[in-house]
Amino acid sequence: MSTTPHILVIDDEPQILRALRTILTQKQFRVTTASRGEEGLVLAAANPPDIVILDLGLPDMDGIQVCARLREWTQIPIIVLSVRDSERDKVGALDKGADDYLIKPFGAEELLARVRVALRHAAQAQGPKTPTVVRAGNLVADLARHVVTRGGVEVKLTATEFKLLAYLAANAGRVLTHQNILSHVWEPAEADHIEYLRVYMRQLRKKLEDDPEQPQYLLTEPGVGYRFLADE
Amino acid sequence: MRRLGFPPPLSLFWHYLLAMLAMAGMTGLLHLLRNVLDAPIVALLYLLPVGLSTALWGLGPGVVASFCAFLAFNYFFIPPYYTFFVHQTQDLLALVVFFVVAVVISQLVGRARSSLAEAQAREREATHLYELSTALAGLRNEEAMARIIAEHLHEVFRAASAEVVVQLAPQETRTLRIPPGLAMPAEKPDYVVPLTTARGLLGELHLWRHTPPLNQAEERLLRTFASQGALALERAVLAQAETHAKVLEESDRLKSALLSSVSHELRTPLATIKAAVTSLTGAGGAWDSLARDDLLAVVDDEVNQLNRLVGNLLDMSRIEAGALQLQRQWNILAEIVGGALAQMRRAAERHRLEVDLPDELPLAPVDYVLIEQVFTNLLSNSLKYAPLGTVIRVSARAQDDDALHVRVSNQGPPVPEEHLDRIFDKFYRVTAADRVTGTGLGLSICKGIIEAHGGRIWAENLPDGFAFYFTLPLLWDGAPPPRLPVESEAV
């Protein structure tokens with residue numbers, strides 16, 4: 001990987017392209033842009049980027065389809081851009097291999113945070129080690145030793161609670177769909193029971209968050225899933 | 001069932017036979033009494049069955065009876081007996097006079113009878129028409145009209161099958177057949193009458209009745225039925241046009257209310273953004289960092305406001321179009337409220353938000369995103385009217401195990417009782433529009449979302465404030481909220 005990561009942005013709005021190019025170039029990224037899905041696929045194949053930012057509402061083809069076509073040959077991180085009220089599209093894109101999503105309008109900080117998380121996870125996937133200790137504020141989760149502390153005090157978790165936290169923490173910063181979490185943490189027979197996820201998530205928040213009503217680390221992604229926000 | 005007085009051919013034959021039998025009977029009777037009775041009395045007595053035959057069976061049998069009487073009188077009672085010869089001139093005269101009188105009587109009686117029958121037929125016709133027009137009078141819907149017309153056609157004309165085809169618009173043809181459920185007759189209808197008005201063809205009446213064919217009076221009645229039906233249908237067309245015009249007018253009114261509200265709501269944040277951004281760019285970096293941050297925070301707030309506005313407009317149009325699709329899942333209300341509070345945190349900095357949600361609240365089968373939207377709208381409405389520093393409280397209880405009862409209360413001013421229902425209407429405002437911001441859509445969106453969930457939303461004044469209430473059903477397709485087994489903590 002070169003020192004300046006290469007980002008391919010696929011969006012049909014010239015103003016968005018202009019803004020993203022300015023923001024990302026400012027942060028030392030190399031930026032290529034495409035305004036159509038086909039064009040984006042061609043560019044990605046000709047000069048593989050380190051990350052793809054993809055708008056789901058493209059004029060020539062469905063963004064979800066672009067995701068699927070990219071995933072046929074590469075695991076480079078994909079962040080999709082979408083509007084509110086299209087949870088189905090977001091979940092569809094995430095299921096088809098997108099790594100994360102941003103709702104338009106989004107802030108530059110949010111975008112850059114997602115880009116950093118995506119790059120880190122891509123690097124981890126290639127590298128041999130995944131971190132076994134995840135920190136978020138006063139929380140420390142030692143995944144290898146099965147120990148979770150809050151402000152230095154050990155927190156007792158049930159087996160399922162720990163499994164859930166471990167999966168979220170291992171994917172810290174990334175959005176995980178309900179389906180994704182259910183299929184990794186629960187038995188296949190129980191993978192349709194979103195209520196399990198809701199209830200265990202609430203228990204985890206009560207044990208780990210200062211204010212479970214306004215969580216700082218275990219965040220809800222409305223209509224999509226959950227995200228664990230760890231220290232970077 | 002009413003029938004028109006038109007005898008079928010078989011009974012007509014019987015009428016003639018009966019007339020002749022009556023005459024034969026009379027002849028037999030008179031023959032027995034011929035020694036007691038003179039010829040003139042016999043002639044008079046013969047007039048009796050002639051008159052009766054005409055009165056009972058009509059003109060034809062009457063004339064036949066007259067002729068039979070003439071022959072029998074000649075044969076049995078005019079000398080020479082048992083021949084048709086007549087010797088004396090006066091007998092011949094009597095015979096001729098008798099015949100003429102018999103025929104005249106039968107004609108007079110027959111005419112009276114047939115004009116009575118005609119009057120009765122006309123009366124029945126009038127009754128049928130009256131019944132049809134009364135049945136049609138209250139209706140405004142063409143389908144109901146077609147059914148009534150078809151039923152009357154079927155009954156009055158004793159049709160095997162009657163059909164009314166209505167075509168008010170080119171692509172919209174409705175067909176109503178009586179009796180219903182019967183397969184479409186293979187052959188073409190025996191009678192087809194167009195339903196025409198000044199506006200043109202509105203449809204057709206189809207009648208299947210092979211025997212006997214309709215007579216003139218019935219055909220006339222059928223045509224009158226058609227014109228009655230056409231008039232009624234025309235009324236339906238006019239009523240439709242009127243309703244359509246009213247709907248258009250109403251949606252026009254709403255559109256202009258929307259436009260004026262939206263353009264005001266769009267322009268205010270745009271003006272603020274423009275002012276902030278141009279002062280930042282124009283000053284060439286002369287602003288101190290505090291002022292700069294302040295201006296940028298204003299821009300950020302206004303952008304969020306614009307985004308909420310667009311979201312509200314989209315939600316409203318989706319609710320209006322009936323295109324609101326619920327993504328129901330079992331949800332924890334506290335999680336949804338938490339999401340809404342997180343969104344409102346900055347706007348609510350100068351109020352106190354309190355949440356009172358018992359831990360044992362059951363899971364609710366709702367659309368997370370939409371219910372969160374309800375909470376943000378209710379909270380933002382409360383923030384707008386409640387005085388700074390006061391408490392806004394969200395609470396919920398389970399009610400009878402089949403509904404959640406949610407309350408969002410504030411310490412704001414009461415709303416006049418007469419406005420309480422209407423605050424959920426689109427663009428309805430208790431306060432003048434220029435004194436509060438907002439599109440006037442927030443609460444009507446809440447109403448649309450709650451009703452789509454099968455719940456109810458309302459508002460009440462409290463002794464020390466104001467509250468929104470709503471209910472959410474807890475049963476999902478009849479199933480109660482799931483309860484999960486408790487898992488013990490690892491040691």
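We name chains A, B, ... by the order of the sequence lines, and we start the count at 1 in each one. These numbers come from a predicted model, not from an experiment. Just so it is clear, the values below take in all heavy atoms, side chains as well, and ignore hydrogens, waters and symmetry mates.
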Do you know the tightest heavy-atom contact between B/Y368 and A/G223? CD2-N, 4.3 Å
Tell me the residues of residues 355-367 of chain B whose non-hydrogen atoms fall below 4.5 Å from those of chain A, in number order. B/D359, B/L363
Does CZ in A/R202 sit with more than 12 non-hydrogen atoms of other residues, nucleotides or ligands closer than 6.0 Å? yes
State, to 0.1 Å, how close B/W330 and A/R198 come at their nearest heavy-atom pair, and which atoms those are. O-NE, 3.2 Å
Output the residues of residues 337-351 of chain B for which the shortest heavy-atom distance to chain A is under 4.5 Å, in residue-number order; output 'none' if no such residue exists. B/G338, B/L341, B/R345
Looking at B/E372, B/Q329, B/E335, B/Q327, which has the largest count of heavy-atom pairs under 4.5 Å with chain A? B/E335
Find the distance between CD1 (B/I336) and OG1 (A/T220) and round it off to the nearest 0.5 Å. 9.5 Å
Please determine whether the number of non-hydrogen atoms from other residues, nucleotides or ligands lying under 6.0 Å from atom CD of A/E154 exceeds 12. yes
When heavy-atom pairs shorter than 4.5 Å are enumerated against chain B, which of A/R205, A/E195, A/H193 gives the highest number? A/E195
Let me check something: any side-chain donor-acceptor pairs from residues 12-21 of chain A under 3.5 Å, sequence neighbours excluded? List them with distances.
unit_1	atom_1	unit_2	atom_2	d
A/R21	NH2	A/T33	OG1	3.0

Check each atom of A/Y196 against the heavy atoms of chain B and say whether the ones under 4.5 Å are side chain, backbone, both or neither. both
With a strict 4.5 Å heavy-atom criterion, list every residue of residues 180-191 of chain A that contacts chain B, or say none. none
Given heavy-atom pairs under 4.5 angstrom as the criterion, report whether the side chain, backbone, both or neither of A/H178 touches chain B. side chain
